[in-house]
Amino acid sequence: MAVIKPSLAKGTRDFSPAEMEKRNHIFNTVKSVFVKYGYREIQTPSFENLQTLTGKYGDEGDKLIFKILNSGDYLAKAPAELLEARASGPLIPYITERALRYDLTVPFARYVVMHQHELTLPFKRFQIQPVWRADRPQRGRYREFYQCDVDVVGSDSLLNEAEFVLIYHEALTKLGLRDFSIKLNNRKLLAGIAEILGKPELIVDMTVAIDKLDKIGLEGVNNELLARGFTTQDLQQLAPIIKLEGPNAAKIEQLKQVLQPSAIGLAGIGELETVLGYVEKLSAGTDLLNRFVEVDITLARGLNYYTGCIFEVKTNEVAMGSIGGGGRYDDLTGMFGLKGITGVGISFGADRIYDVLEELGLFPQSTAQSTQVLITNFDKLAELYALPLLQKLRAAGVATELYPAAAKLKKQLAYADNKSIPYVVLVGEEEIAASQFSLKDMRTGEQWKLNEAELCARLS
RNA sequence: GUGGGUAUAGCUCAGUUGGUUAGAGCACUAGAUUGUGGUUCUAGGGGUCGUCGGUUCGAGCCCGAUUAUCCACCCCA
């Protein structure tokens, strides 16, 4: 057989033991916060029926769904004329029926609909699993990456939104981040602005354009707006809104003035005020609200199912895309035939958070620890002598390993050193004769002779 | 999908206007040290210079194509 040069599929990564320890540090941290706020974990399959996923993410998103080729003679059912014409797009439904999940929200919506009779509403769930996108990889963008989603369905209370602000703050702070912004906006408010301009149908074009403000500046936004069907008069009306600055309360006051004629716009403002009010009460005595929460009218977010509040989190310490986002969607399950169920949720981008923590050196030293004790192995006799100790230490809950073959001590100590094992137990003729063990502390180099009971007491 | 950069040892990279046998650091193996790691010293293994073609007496270096990869845009976490 020809030897294939080993390589990774584009946009994927291996995770070494050290990397897994760091990744688990992130997962465990966010998980502990989710649980504290009353969320329970679920998992859904890696792949779904293709029709479950298509049409939920817009045309751009649909293109990025990894589709799974049907098994067997997958071309048999394809119409000859489509094959003849090499019409890839129209062929898709004939050759693929399943696809890898693109996010965790849509599978969750399917889950809610399928399990609606078992669920007690409001249902609060979190989910930490990989998702796949056929995107072109670059910095902070992978084809396989993990999302940590928390959502609640069946509750329209804005307390949920406020708690998500607290969850973001608590989890990211626990991970060591010190300077990040939790940006808040509301789709209704954006709809109100489009309404006042007399172009409610262009709300998506408008939000996509003003979303780019920090990247291309006001002039760039204006050019884009013109290209998307807005007039110079619209731009004059929009300019003061886009350029809003100052504390959140001041922004809200100004928006109230501007949005006076729009009922939906005022509703959006009202929701923002309520959320901020809850956050204030829930973070009394801290600087959370002033330092981390920012009302940002230019925050758009692409997913078109959002209908109310929207969130996005960015770190200010490293150049990186958003590390989290989410929002409220009034009718997500409607696509699966269940009307009137509202949901709101957020997501943490674990892989980007990893890259940020790595760049800032924020991973704790202790995540790298695994084995606590290594027992050396010189020969068969010493190995036999050591086995009962191995059993006792493990029974006492101490992560212990016996070097699996007789080898030079130098090599065994180098193994312990490389694996950051803090203690080594040396077993040789001398120790066996005296019914003892030599315990070596690898950090200080100190060494003691102890019997089995003393050793176990010392290590456990 | 659009545009740009890069490709030399396991990893990070040098390599002169094109000129003998292509280098360094790290990593690895062994020895200095027969039962003591990290530091140090010594030695060693490891390369079809991404691939194919062209120019040339001669190509790691110049030209073309191709593949891979990274970055930016689009979009997103």
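Predicted model only: the values in this text are computed from it and were never measured. Reckoned from all heavy atoms, side chains included, excluding hydrogens, waters and symmetry mates. Below, read A as the first sequence line, B as the second, and so on, with proteins coming before strands; counting in each chain starts at 1.
When heavy atoms are screened at a 4.0 angstrom cut-off, Lys212(A) is found touching the sugar-phosphate backbone but no base atom. Among the atoms of the strands shown, base atoms are found under 4.0 Å from some heavy atom of Gln447(A). At the heavy-atom level, Leu64(A) lies nowhere under 4.0 Å from the strands shown. Counting non-hydrogen atoms under 4.0 angstrom, Ser322(A) reaches the backbone sugars and phosphates but no base. When heavy atoms are screened at a 4.0 angstrom cut-off, Gly321(A) is found touching no nucleic acid atom at all. Leu409(A) comes within 4.0 angstrom of a nucleotide base, judged by non-hydrogen atoms across all strands. Using a 4.0 Å heavy-atom criterion, one finds that Lys10(A) contacts the sugar-phosphate atoms exclusively.
With no hydrogens or angles considered, no side-chain donor-acceptor pair links Tyr415(A) and Lys411(A) at under 3.5 Å. Gln51(A) and Thr54(A) form no side-chain donor-acceptor contact under 3.5 Å, judged by distance and modelled atom types alone. At a cut-off of 3.5 Å, with distance as the only test, no side-chain donor of Asp149(A) or Gln127(A) sits close to an acceptor on the other residue. Between the side chains of Tyr94(A) and Asn70(A), no donor N or O sits under 3.5 Å from an acceptor N or O. Side-chain contact, Tyr37(A) with Glu170(A): a donor N or O sits under 3.5 Å from an acceptor N or O.
Of all non-hydrogen atoms in Leu402(A) and Thr376(A), the two that sit nearest each other are CD1-O, 3.7 Å. Counting all heavy atoms, side chain and backbone alike, Val275(A) lies closest to Cys309(A) at CG2-SG, 4.0 Å.
Within residues 216-225 of chain A, no residue has a heavy atom under 4.0 Å from RNA chain B. Near-neighbour residues of RNA chain B inside residues 127-142 of chain A, defined by a heavy atom below 4.0 Å, number-ordered: Arg133(A), Asp135(A), Arg136(A), Gln138(A), Arg139(A), Gly140(A), Arg141(A), Tyr142(A).
A distance of about 13 Å separates the P atoms of rC11(B) and rG50(B), rounded to the whole Å. Taking the P atoms as reference points, rU42(B) lies 23 Å from rU36(B), given to the whole Å. Nucleotides rG23(B) and rG46(B) are separated by 14 Å at their C1' atoms, to the nearest Å. Nucleotides rC74(B) and rU29(B) have their C1' atoms positioned 50 Å apart, rounded to a whole Å. Atom P of rU51(B) sits at a distance of 13 Å from the matching atom of rG10(B), rounded to the whole Å.
Proximity of Asp330(A) to Arg328(A): side-chain heavy atoms (C-beta onward) are separated by under 4.5 Å at one or more points.
The base of rU36(B) has none of its N or O atoms less than 3.5 Å from a complementary donor or acceptor on the side chain of Lys410(A).
Taking a pair as Watson-Crick or G-U wobble with both distances under 3.5 Å, RNA chain B forms stems of 3 or more consecutive pairs at B:1-7 with B:67-73, B:10-13 with B:23-26, B:28-32 with B:40-44, B:50-54 with B:62-66.
Taking a centre distance below 5.5 Å and an interplanar angle below 30 degrees as the stacking criterion, Phe145(A) stacks against the six-membered base ring of rA77(B).
Rounded to an integer number of Å, the gap from Tyr423(A) OH to rU36(B) C1' is 17 Å. Here the P atom of nucleotide rG35(B) and the CG atom of Asn377(A) are 14 Å apart, to the nearest Å. Going from atom CD of Glu431(A) over to atom P of rU36(B) covers 13 Å, rounded to whole Å. In this structure, Met442(A) atom CE and rU39(B) atom P are separated by 12 Å, rounded to whole Å.
Positionally, the nearest nucleotide of RNA chain B for Lys408(A) lies more toward the 5' end than for the other of Arg143(A) and Lys408(A). Positionally, the nearest nucleotide of RNA chain B for Asp441(A) lies more toward the 5' end than for the other of Asp441(A) and Val208(A).
Under the 6.0 Å distance and 45° angle rule, Arg23(A) counts as a cation-pi partner of Phe15(A). Figure legend: Arg133(A) and Tyr102(A) shown as a cation-pi pair, the cationic atom lying under 6.0 angstrom from the six-membered ring centre and within 45 degrees of its axis. Within the cation-pi definition used here (under 6.0 Å to the ring centroid, within 45° of the axis), Arg40(A) does not qualify as a partner of Phe126(A).
Salt bridge present: Arg139(A) and Glu359(A) bring a charged side-chain N and a carboxylate O closer than 4.0 Å.
Considering Phe348(A), Phe164(A), Phe27(A) as possible partners of Phe34(A), the one that fulfils the ring-ring contact (aromatic ring centres under 6.0 Å, His included) test is Phe348(A).
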